[in-house]
Student: 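Structure provided below as structure tokens; questions to follow.
Because the structure is predicted, anything quoted here is derived from the model rather than measured.
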Amino acid sequence: MWDYTDKVMDLFHNPHNMGAIATQDCATAETIAVGEIGSIVCGDALRLYLRIDSTTDTILDARFQTFGCASAIASSSALTDLIKGMTVDDALRLTNREIASYLGGLPQEKMHCSVMGQEALEAAISDYKGIPVRPEEEDESPLVCSCFGVSSAKIKRLIRENHLTNAEEVTNYIKAGGGCGSCLAEIDDLVIDVTQEQETLNTAASLSAPIPQPAVATTTPSTFPIKEEKSPPPATLTNLQKITLIQQVLETEIRPTLAYDGGDVELHDVEGDRVKVILKGSCDGCPSVMITLKMAIEKRLQERVSPNLMVEAVV
């Protein structure tokens, strides 16, 4: 038997907010958004309903219908309790780890239930906004786990967000590899790739961090002035480190922001301090394209990577 917490068992036996939200339950200024994740064939499925005040983007009510185990029901119930009263943007920041924490923890083998809750929430908010929440997964990312239909982009994202270290943990969080098992070696390779990327980013961050300056001694009548030693110039990023860091900032900080308005950006090339990008979606041909380039992209890259970077758009 799984080692469930009292909170999990309570919400399993007495779930909150179970059911659907009908259109007739809404006032004129309210909207119903629906997010659906999983498949009964795969063993777990969740449909999340949100009733949202369209004038304030506040979630007024949240209900769910789920097919799954005790942890799936408890996670869905916990999710609806957590997000009531939040704005959709605040709710979008909720992580699967926060859902599990609210329950007092979940067995590692059941963490995929909290992930399912987070993804159903993202799908519902995507339905409300009319845009993809995670545009990086809308591309033709190679399918890794055919049993559960999980792509390499999705696996790498879960590895990063949850600091996973092996294929077994990936299976616990997203089920990939839990079917025939033929993809487990490829999942281990993805874990290694993400770990190496993170190590490169950590190295780049440490190299770009300012070097602490030694304290300058004050001169008193009883002491001689101390000559201030000049600190060596900070080490510069290698081209590979710079490109990797630029790509990371684009993926994790800039693209999600642009996605809220239906836009997107892709790194095309880096030549010295010139960063060439391709603008997509609503950003392509937008009248305020220079504001997007200079304020949303260039300024952020200058802050996070190098103040010398200049961003330009290519067709």
Student: For the CG atom of Asn162 and the CZ atom of Arg157, what is their distance to the nearest 0.5 Å?
Tutor: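 That separation rounds to 9.0 Å.
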Student: The test is side-chain hydrogen bond (donor to acceptor under 3.5 Å, both in side chains); show your working for Asn96 and Tyr173 and say whether it passes.
Tutor: CA-CA 9 Å; Asn96 65 282; Tyr173 274 73; 5.3 Å; no
Student: Working note: Ile174 + Met116, criterion side chain to side chain contact (heavy atoms under 4.5 Å, CB included); need CA distance, chi angles, decisive distance, verdict.
Tutor: CA-CA 8 Å; Ile174 204 171; Met116 185 171 66; over 6 Å; no
Student: Kindly indicate whether the side chain of Cys69, heavy atoms from C-beta on, has any atom under 4.5 Å from the side chain of Phe12.
Tutor: no
Student: List, by chain and then residue number, the residues other than Val314 in its hydrophobic cluster (Ile/Leu/Val/Met/Phe/Trp/Tyr, side-chain heavy atoms under 4.5 Å); write none if there are no others.
Tutor: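 Traced through the cluster, Val314 reaches Ile278.
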Student: Would you find more than 12 non-hydrogen atoms of other residues, nucleotides or ligands less than 6.0 Å from Gln302 atom CD?
Tutor: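 Enclosed.
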Student: Asn172 and Lys110: side-chain donor and acceptor closer than 3.5 Å?
Tutor: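 Asn172 vs Lys110: no donor-acceptor pair found between side chains.
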Student: When you check the gap from the basic side-chain N to the acidic O, do Lys175 and Glu109 get nearer than 4.0 Å?
Tutor: no
Student: Checking Glu251 against Arg160 for the salt bridge (charged side-chain N to carboxylate O under 4.0 Å, His left out) test, could you report, in this order, the C-alpha distance in whole Å, the side-chain angles of both residues, the deciding distance, and whether it holds?
Tutor: CA-CA 12 Å; Glu251 291 291 331; Arg160 292 189 194 98; over 6 Å; no
Student: For Met295, look at atom CE and say whether over 12 heavy atoms of other residues, nucleotides or ligands are found less than 6.0 Å away.
Tutor: no
Student: How long is the span from the CD1 atom in Ile159 to the CD1 atom in Ile155, to the nearest 0.5 Å?
Tutor: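 Ile159 CD1 to Ile155 CD1: 7.0 Å, rounded to 0.5 Å.
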Student: For residues 266-273, which side-chain N or O atoms pair as donor and acceptor with protein atoms under 3.5 Å away, sequence neighbours left out?
Tutor:
| unit_1 | atom_1 | unit_2 | atom_2 | d |
| --- | --- | --- | --- | --- |
| Glu266 | OE1 | Lys280 | NZ | 2.5 |
| Glu271 | OE2 | Lys276 | NZ | 3.2 |
| Asp273 | OD1 | Lys242 | NZ | 3.4 |

Student: Let me confirm one number: the CZ-CZ distance from Arg63 to Arg51, rounded to the nearest 0.5 Å.
Tutor: 7.5 Å
Student: Membership question, hydrophobic clusters at under 4.5 Å side-chain separation (ILVMFWY): are Ile21 and Met86 in the same one?
Tutor: no
Student: Quick test of your reading of the model: are Asp90 and Arg93 salt-bridged, counting only N-O distances below 4.0 Å?
Tutor: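 The answer is yes: the pair qualifies as a salt bridge.
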Student: Do Tyr49 and Ile37 land in one hydrophobic cluster if side-chain heavy atoms of ILVMFWY residues count as linked below 4.5 Å?
Tutor: no
Student: Side chains of Leu11 and Ile73: does their closest heavy-atom pair fall under 4.5 Å?
Tutor: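 SC-SC contact between Leu11 and Ile73 ruled out.
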Student: Which residues satisfy the salt bridge (charged side-chain N to carboxylate O under 4.0 Å, His left out) test with Glu36, sequence neighbours excluded?
Tutor: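 Partners of Glu36 under the salt bridge (charged side-chain N to carboxylate O under 4.0 Å, His left out) test: Arg47.
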Student: For residues Val34 and Leu48, determine if any side-chain heavy atom of one lies less than 4.5 Å from a side-chain heavy atom of the other.
Tutor: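 Not touching, per the 4.5 Å side-chain cut-off.
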Student: Using distance alone, with no hydrogens and no angle criterion, decide if Thr87 and Asp89 have a side-chain donor and acceptor under 3.5 Å apart.
Tutor: no
Student: Could you please spell out the steps behind the side chain to side chain contact (heavy atoms under 4.5 Å, CB included) verdict for Glu253 and Gln248?
Tutor: CA-CA 8 Å; Glu253 299 181 27; Gln248 177 71 10; over 6 Å; no
Student: Taking the side chain as everything from C-beta on, heavy atoms only, tell me whether Ile59 gets closer than 4.5 Å to Val88.
Tutor: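 Yes. Closest side-chain heavy atoms under 4.5 Å.
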Student: Could Glu161 and Arg97 be called an ion pair, given the rule that one side-chain N must be under 4.0 Å from one carboxylate O?
Tutor: no
Student: Is there a chain of hydrophobic side chains (I, L, V, M, F, W, Y, each step under 4.5 Å between heavy atoms) that links Ile125 to Leu60?
Tutor: no
Student: So, Thr31 versus Ser54: side-chain donor-acceptor pair below 3.5 Å or not?
Tutor: yes
Student: Consider side-chain contact (heavy atoms from CB on, under 4.5 Å). Of Val275, Val265, Val249, which one does Ile297 pass it with?
Tutor: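 Testing each of Val275, Val265, Val249 against Ile297, the sole residue satisfying side-chain contact (heavy atoms from CB on, under 4.5 Å) is Val265.
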Student: Is a donor on one side and an acceptor on the other found under 3.5 Å between the side chain of Ser126 and the backbone of Glu122?
Tutor: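 Flag not set: sc Ser126 to bb Glu122 has no pair under 3.5 Å.
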Student: Mind checking the CD1-CD spacing from Ile83 to Glu98? Nearest 0.5 Å is all I need.
Tutor: 12.5 Å
Student: Applying side chain to side chain contact (heavy atoms under 4.5 Å, CB included) to Leu293 and Glu298, what does each step give before you reach the verdict?
Tutor: CA-CA 6 Å; Leu293 278 174; Glu298 183 176 281; 6.0 Å; no
Student: When you compare the side chain of Lys156 with that of Glu197, does any pair of heavy atoms fall below 4.5 Å?
Tutor: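 Yes - at least one pair of side-chain heavy atoms lies under 4.5 Å apart.
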Student: Do Met111 and Met9 belong to the same hydrophobic cluster, where Ile, Leu, Val, Met, Phe, Trp and Tyr are linked whenever their side-chain heavy atoms lie under 4.5 Å apart, directly or via other members?
Tutor: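 Per the 4.5 Å side-chain linkage, Met111 and Met9 are co-clustered.
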Student: To the nearest 0.5 Å, what is the distance between CG on Asp127 and CD1 on Ile32?
Tutor: 10.5 Å
Student: Check for me, please, whether Ile254 and Leu279 land in the same ILVMFWY cluster - side-chain distances under 4.5 Å, paths through other members count.
Tutor: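 Yes.
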Student: Would you check if Leu121 and Leu79 make a side-chain contact, meaning some heavy-atom pair closer than 4.5 Å?
Tutor: yes
Student: Got Ser75 and Leu106 here, is their nearest side-chain heavy-atom distance under 4.5 Å?
Tutor: yes
Student: For Asn308, does the CG atom have more than 12 heavy-atom neighbours from other residues, nucleotides or ligands under 6.0 Å away?
Tutor: yes
Student: Are Leu50 and Asp61 close enough, and set up right, to give a side chain to side chain contact (heavy atoms under 4.5 Å, CB included), and what steps lead you there?
Tutor: CA-CA 6 Å; Leu50 304 180; Asp61 193 13; over 6 Å; no
